[in-house]
Protein chains: 2
Amino acid sequence: MINEERLRKELIQRFGDAYKSFGLNKLMGHVVALLLYAPEPLSLTEIAALLGRSKGPVSQILRRLRDHKLVRKVWSPEDNRKDYYEVEPEIFENAFRNNFDLIKNNTRIATQLKAKVAAAKDKKMETLHLRMKEMEAFYQLMEKHHRNFLAEWIAEKNNLVK
Amino acid sequence: MINEERLRKELIQRFGDAYKSFGLNKLMGHVVALLLYAPEPLSLTEIAALLGRSKGPVSQILRRLRDHKLVRKVWSPEDNRKDYYEVEPEIFENAFRNNFDLIKNNTRIATQLKAKVAAAKDKKMETLHLRMKEMEAFYQLMEKHHRNFLAEWIAEKNNLVK
DNA sequence: AACATCGTTTTAAAAATTTCAAACGTTAAA
DNA sequence: TTTAACGTTTGAAATTTTTAAAACGATGTT
């Protein structure tokens with residue numbers, strides 16, 4: 001016999017740590033874990049209560065999670081007073097993509113600076129120029145593989161549900 | 001004519017922001033940018049001076065950067081009193097791998113919990129079980145693509161240097 | 001052997017982030 | 001129209017993280 005209560009707590013704690021190590025708010029991880037676990041959507045008030053938190057931060061976190069497309073609102077036909085939340089079906093893809101977009105965004109730094117550096121024929125600039133070029137090439141290749149990965153995943157996911 | 005001083009400052013500032021958005025210390029980004037830019041290796045004292053910081057935090061940051069294999073020590077034949085630092089030639093690969101290892105590590109959560117959940121035949125567990133299975137499959141596929149990417153990159157990198 | 005220079009560690013202050021409590025606005029039910 | 005329940009925003013307190021200063025240890029030079 002497995003202890004359900006313990007399992008839920010462990011999932012919540014571990015997701016909190018994981019999110020924190022990615023530079024995100026620990027509470028974000030807690031909310032995601034709770035919603036991953038919950039068989040039914042939960043309202044903000046319920047989430048706050050289950051996590052022993054006040055509604056303030058939970059409200060802010062839920063907005064961020066919606067911005068990141070990790071969580072979504074659903075409307076309950078029987079109770080349209082409350083907003084209910086559940087994890088996005090594409091939560092893993094989206095989490096990965098968010099991370100990837102961040103990296104891609106940073107690649108622009110290299111691209112832009114490379115252009116500026118290219119204008120200078122200065123000897124001291126050569127090292128930097130080469131490095132920026134390498135950085136740009138690296139992330140371009142990464143992007144290509146990312147696309148391949150997503151395409152393959154969609155196919156695999158369909159098999160999984162069956 | 002391009003303003004070298006401005007370019008260096010921009011690179012440093014942008015890398016700081018980028019590192020921060022990944023949950024890392026801003027100063028880490030500054031040091032990495034400075035070393036990416038510098039045509040020659042720099043000592044800890046020089047780095048601290050160039051960034052207008054004290055030696056304490058720079059010392060700690062350099063250790064973390066070495067742990068992450070983003071920066072390495074080099075010994076100068078002419079001055080073996082000081083430790084000199086430069087970026088690792090594989091800095092981009094390693095930065096990516098560190099990020100990936102983090103994700104991989106978190107995948108273990110899913111794998112372990114999946115095993116625990118599988119033991120329970122509880123109806124409420126079914127949703128969670130399916131999600132954990134999906135998470136595991138997602139990251140396993142990701143790992144495969146990561147390997148392919150690195151192999152292809154090594155080949156491309158050689159062409160770049162030529 | 002004494003001195004000087006460099007990097008590390010520690011401790012305390014400063015800054016940033018997270019958190020809650022309470023006020024506020026909105027919407028639906030009575 | 002009033003009331004009640006819910007989510008959001010705001011301001012202040014608490015916590016965490018970052019930072020610098022200074023003490024410390026090690027290593028090479030005189």
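Each chain gets a letter, A, B and so on, in the order its sequence line appears, and its residues count up from 1.
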ask   = With sugar-phosphate meaning primed atoms plus P, OP1 and OP2, does B/K82 contact a base, only sugar-phosphate, or nothing at under 4.0 Å between heavy atoms?
value =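 Since only primed, P, OP1 and OP2 atoms lie under 4.0 Å of B/K82, the category is sugar-phosphate.
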note = Under a 4.0 Å heavy-atom criterion, the protein footprint on nucleotides 14-20 of chain C, written with B, S and -, is ---SSSB
request  = Inspect the surroundings of CD in A/E143 and state if more than 12 heavy atoms from other residues, nucleotides or ligands are less than 6.0 Å away.
outcome  =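 Correct, the count exceeds 12.
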Which pair of heavy atoms, one from [X] and one from [Y], lies closest together, and at what distance?
X      : Y      : result
A/M28  : A/Y19  : CB-CD2, 3.9 Å
B/Y37  : A/R131 : N-NH1, 4.3 Å
A/V74  : A/Y85  : CG2-N, 4.4 Å
B/L160 : A/A137 : CD2-CB, 4.3 Å

query = Hey, what do you get for CD1 (A/I61) to CG (A/L51), rounding to the nearest 0.5 Å?
reply =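 Between A/I61 CD1 and A/L51 CG, I get 10.5 Å after rounding to 0.5 Å.
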ask   = Side-chain N or O of B/R66 less than 4.0 angstrom from OP1 or OP2 on C/dG7?
value =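 False: B/R66 side-chain N/O out of range (4.0 Å or more) of C/dG7 OP1/OP2.
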inquiry  = If the test is side chain to side chain contact (heavy atoms under 4.5 Å, CB included), which one of A/K157, A/K69, A/R97 qualifies with A/E90?
reply    =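 Testing each of A/K157, A/K69, A/R97 against A/E90, the sole residue satisfying side chain to side chain contact (heavy atoms under 4.5 Å, CB included) is A/K157.
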ask   = What are the bounds, 5' to 3', of the part of DNA chain D that sits under 4.0 Å from heavy atoms of chain A?
value =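 So the contact region on DNA chain D extends D/dA5 to D/dT17.
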request  = Could you tell me whether the side chain of B/K26 reaches within less than 4.5 Å of the side chain of B/D17, counting heavy atoms only?
outcome  =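 SC-SC contact between B/D17 and B/K26 confirmed.
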inquiry  = Can you classify the ring geometry of B/H146 versus B/F100 as parallel (below 30°), tilted (30 to 60°) or perpendicular (above 60°)?
reply    =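 Ring orientation of B/H146 relative to B/F100: parallel.
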Close aromatic pair by centroid cut-off 6.0 Å: A/F149 and A/F96 =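 They qualify: ring centres under 6.0 Å apart.
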inquiry  = Contact list please: residues 36-50 of chain A against DNA chain D, heavy atoms, distance less than 4.0 Å, in numerical order.
reply    =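 Heavy-atom contacts with DNA chain D come from A/S43, A/L44, A/T45.
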query = What's the NZ-P distance between A/K55 and C/dA22, to the nearest Å?
reply =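 Rounded to the whole Å, the gap is 13 Å.
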